[in-house]
Asks: 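Quick one: structure below, then a few questions.
Protein chains get the first letters and strands the later ones, always in sequence-line order, with residue 1 at the start of each. Below, all heavy atoms of this structure are taken into account, side chains as well, without hydrogens, waters or symmetry copies. These numbers come from a predicted model, not from an experiment.
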Number of protein chains: 2
Amino acid sequence: MNLKQLSHMLALSQTTVSRALNGYPEVNEETRRRVIDAAKRHGYRPNPSARRLATGKTGMIGYVLPTGAAVDIDPHFVEFLSGLGDYARSHELDLVLSPADADDQETTYRRIVANRQVDAVYISSPRPADRRVALVSTLGIPFIVHGRSEGLDFDYPFTDIDNEGAFHEAARLLVQLGHRRLALINGDDRETFAIHRERGVRRALAASGLVLGEGHVCSLAMTEENGYRAARRLLEQSDAPTAIACSSLIMALGVVRAVRDLGLTIPGDLSLIAHDDVFPWLKPENFSVPLSTTRSSIRLAGARIAERLAARISGLEEGARGEVWPVDLVIRGSVTGAPA
Amino acid sequence: MNLKQLSHMLALSQTTVSRALNGYPEVNEETRRRVIDAAKRHGYRPNPSARRLATGKTGMIGYVLPTGAAVDIDPHFVEFLSGLGDYARSHELDLVLSPADADDQETTYRRIVANRQVDAVYISSPRPADRRVALVSTLGIPFIVHGRSEGLDFDYPFTDIDNEGAFHEAARLLVQLGHRRLALINGDDRETFAIHRERGVRRALAASGLVLGEGHVCSLAMTEENGYRAARRLLEQSDAPTAIACSSLIMALGVVRAVRDLGLTIPGDLSLIAHDDVFPWLKPENFSVPLSTTRSSIRLAGARIAERLAARISGLEEGARGEVWPVDLVIRGSVTGAPA
DNA sequence: CGAAAAAACCAAAGCGCTTTGGAAGGCTCT
DNA sequence: AGAGCCTTCCAAAGCGCTTTGGTTTTTTCG
């Protein structure tokens with residue numbers, strides 16, 4: 001069933017039927033009702049290919065998915081997707097993932113924009129001076145950055161959490177509890193979020209005249225194993241830290257294992273705070289010693305970004321507004337005063 | 001730059017240019033070279049919207065993504081996606097995720113097929129008599145099922161792992177080691193994979209005249225917390241199992257925690273085998289007691305399914321061939337003979 | 001009542017590609 | 001030389017929608 005058939009059936013022109021269906025004003029309400037009714041009854045659905053050819057609108061939002069044998073998609077992605085998908089569903093938006101060589105995502109961004117394959121895109125895991133952000137903003141397609149870049153000479157729209165503030169608070173608390181040797185087990189420090197977190201920790205320490213010791217900061221892919229290795233290395237040093245801030249729950253698993261392997265305890269020998277993106281399948285309160293966290297739902301971020309993208313597509317949102325969400329600091333059993 | 005301009009520039013018809021570019025035989029090789037060369041030089045890229053309107057081909061594969069506030073996307077999904085994306089990239093395929101109400105995915109399948117939004121789809125987490133499989137196969141779009149349904153009165157193409165065999169082997173090993181009271185901590189038993197695993201365990205036990213005791217099988221969403229709860233419940237029973245087979249590494253984390261909380265040890269008091277889908281961020285060999293596993297890379301499955309979908313799209317694969325991959329049984333420190 | 005304005009509708013021209021149905025020209029072969 | 005066959009190219013007809021630029025009918029109002 002296509003427009004032609006439907007309009008013939010109603011003894012109307014395609015023009016009128018199309019307008020009736022798309023809510024244009026120049027059609028009699030009575031006629032519109034007839035049309036809508038008939039469309040529903042016959043299960044008419046406009047062919048999206050035709051529509052997009054005519055309008056350029058696709059009803060899809062795009063994401064360039066870095067791939068490669070050595071590339072691991074972040075497990076956070078799936079939670080983000082839950083939020084994004086949930087919003088997108090309610091707005092009849094689809095998401096298209098365009099796989100790209102992790103080292104050359106720009107070609108793919110160019111392609112999906114040139115081809116008009118999507119109405120908007122989002123960018124995640126931005127780095128300082130991220131070329132994707134620069135590219136996409138010159139390409140002129142609506143977009144939102146999840147996170148922030150740095151050192152770009154123009155503004156752009158983003159939704160980020162206050163990583164610096166969160167880790168500042170966490171470190172400040174630890175310092176207040178008397179800890180003097182802190183360590184940071186961070187994610188990949190080529191990404192802005194990790195840089196901000198480190199900055200937060202350093203700022204808190206500096207406020208008390210402390211510093212993040214040489215060798216007291218690790219920056220690694222966020223796996224359990226890396227958490228373990230980092231923690232072991234830190235704890236076996238002569239000036240081992242008495243408190244650790246950790247960038248992910250998964251790494252924290254490794255930290256806990258290392259502590260146990262070394263015959264130490266949390267929080268007796270080591271206070272631990274980790275960042276929690278709120279996974280349904282791994283909860284900080286369920287660690288054998290409940291884990292203190294800086295908490296921010298990545299799922300909510302996904303939904304918010306979908307919402308903003310939708311707004312931008314329909315022209316409701318413009319400009320380069322960035323928003324920064326506060327992060328909760330949730331104290332549980334894994335922190336205590338520094339050992340004597 | 002569109003076809004019209006390009007052909008005008010070359011003083012050729014659109015027909016010829018189109019054919020030259022698409023590899024049709026009825027064009028002089030010399031001409032073809034000229035065309036291809038000019039196209040490249042001017043960066044001509046056929047507009048996909050136009051092409052799909054004309055041909056019906058989209059260059060995209062579809063997946064209906066169950067969403068909803070209470071719906072958690074399986075963290076396995078992201079690994080699967082890595083494999084799928086990696087293959088898709090090399091074949092210029094994009095993936096479109098259509099979010100749907102988890103309880104009504106069929107409407108969405110209908111839509112994406114009716115709209116010709118994608119060339120093929122895949123279905124994951126199938127259940128017995130899965131209506132999606134039935135629907136999609138009547139809809140006549142190329143598809144592959146990741147996993148298997150059961151009790152359908154027709155054949156369909158799938159790629160699955162030998163869940164029954166894997167858990168049969170695991171249980172058989174445990175029985176051989178003298179265990180008499182086994183338990184199974186399974187995933188959602190509305191899904192076929194879980195049913196198969198339970199079947200495998202039961203079959204192995206039956207071979208030695210044993211049974212899976214009442215209350216010795218749990219079926220829950222695969223979270224750390226559920227693993228913990230299930231293990232506690234099992235181990236606090238009077239006839240506590242001496243060995244557990246567990247459907248996921250994440251649940252196994254919870255099991256390990258429960259064992260520790262109860263002051264027991266692995267493998268002294270409890271032997272444990274879990275299924276490992278091979279995550280880069282959580283490895284069984286890194287458990288404090290290295291975990292024995294049934295292992296099968298879900299990432300490889302993603303790549304394979306992309307490959308088969310591509311083959312089906314281009315007509316290279318037909319029919320309802322199902323393939324079942326064997327699963328490795330990897331013995332590590334978490335299993336030993338039954339306690340006296 | 002008649003002119004101007006508003007309302008309701010329509011025919012046809014795109015959007016950019018593929019594909020059908022020829023046509024022109026050059027070869028082969030008898 | 002002419003029939004018949006390739007080879008190579010082209011004009012034009014879709015694909016199914018939106019939108020432009022009217023036209024016709026109805027309403028408004030001095």
Asks: I need the residues from residues 1-14 of chain B with at least one non-hydrogen atom less than 4.0 Å from DNA chain D; give them sorted by number, or say none.
Replies: B:Ala11, B:Leu12, B:Ser13
Asks: With a 4.5 Å cut-off on side-chain heavy atoms, are A:Glu317 and A:Arg308 touching?
Replies: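 A side-chain contact under 4.5 Å exists here.
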Asks: In plain terms, say whether A:Arg299 and B:Asp72 are close enough for a salt bridge, that is, a side-chain N and a carboxylate O under 4.0 Å apart.
Replies: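 A salt bridge is present here (some side-chain N lies under 4.0 Å from a carboxylate O).
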Asks: For the residue pair A:Val145 and A:Pro126, what are the closest heavy atoms and their distance?
Replies: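 Looking at all heavy atoms of both residues, the shortest contact is CG1-CG, 3.7 Å.
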Asks: Which heavy atom of A:Ala39 sits nearest to which heavy atom of A:Leu6, and what is that distance?
Replies: CB-CD2, 4.1 Å
Asks: Ignoring hydrogens and angles, tell me if any N or O in the side chain of A:Arg34 forms a donor-acceptor pair with the backbone of A:Leu10 under 3.5 Å.
Replies: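 Between the backbone of A:Leu10 and the side chain of A:Arg34 there is a qualifying donor-acceptor contact (under 3.5 Å).
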Asks: C:dA11 base to A:Thr15 side chain: any donor-acceptor pair below 3.5 Å?
Replies: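 When only heavy-atom distances are counted, A:Thr15 does reach the base of C:dA11 through a donor-acceptor pair under 3.5 Å.
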Asks: Atom CG of A:Asn28 and atom P of C:dC10: how far apart are they, to the nearest Å?
Replies: 12 Å
Asks: Taking side chain as C-beta onward, heavy atoms only, is B:Arg89 less than 4.5 Å from A:Thr108?
Replies: no
Asks: Quick one: how far along DNA chain D does chain B reach, first to last nucleotide 5' to 3', anything under 4.0 Å to a heavy atom?
Replies: D:dT8 to D:dG16
Asks: Do the charged groups of A:Glu323 and A:Arg304 touch, with an N to O distance under 4.0 Å?
Replies: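 Looking at A:Glu323 and A:Arg304, the cut-off is met.
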Asks: Under a 4.5 Å cut-off applied to non-hydrogen side-chain atoms, are A:Glu191 and A:Pro128 in contact?
Replies: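 The answer is no, as the side chains (C-beta and beyond) never meet within the 4.5 Å cut-off.
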Asks: Would you indicate what A:Ser49 reaches in the nucleic acid, counting non-hydrogen atoms under 4.0 angstrom: base, sugar-phosphate, or nothing?
Replies: nothing
Asks: Using the closest heavy atom to pick a nucleotide of DNA chain D for each, name whichever of B:Ala50 or B:Val27 lands nearer the 5' end.
Replies: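 That would be B:Val27.
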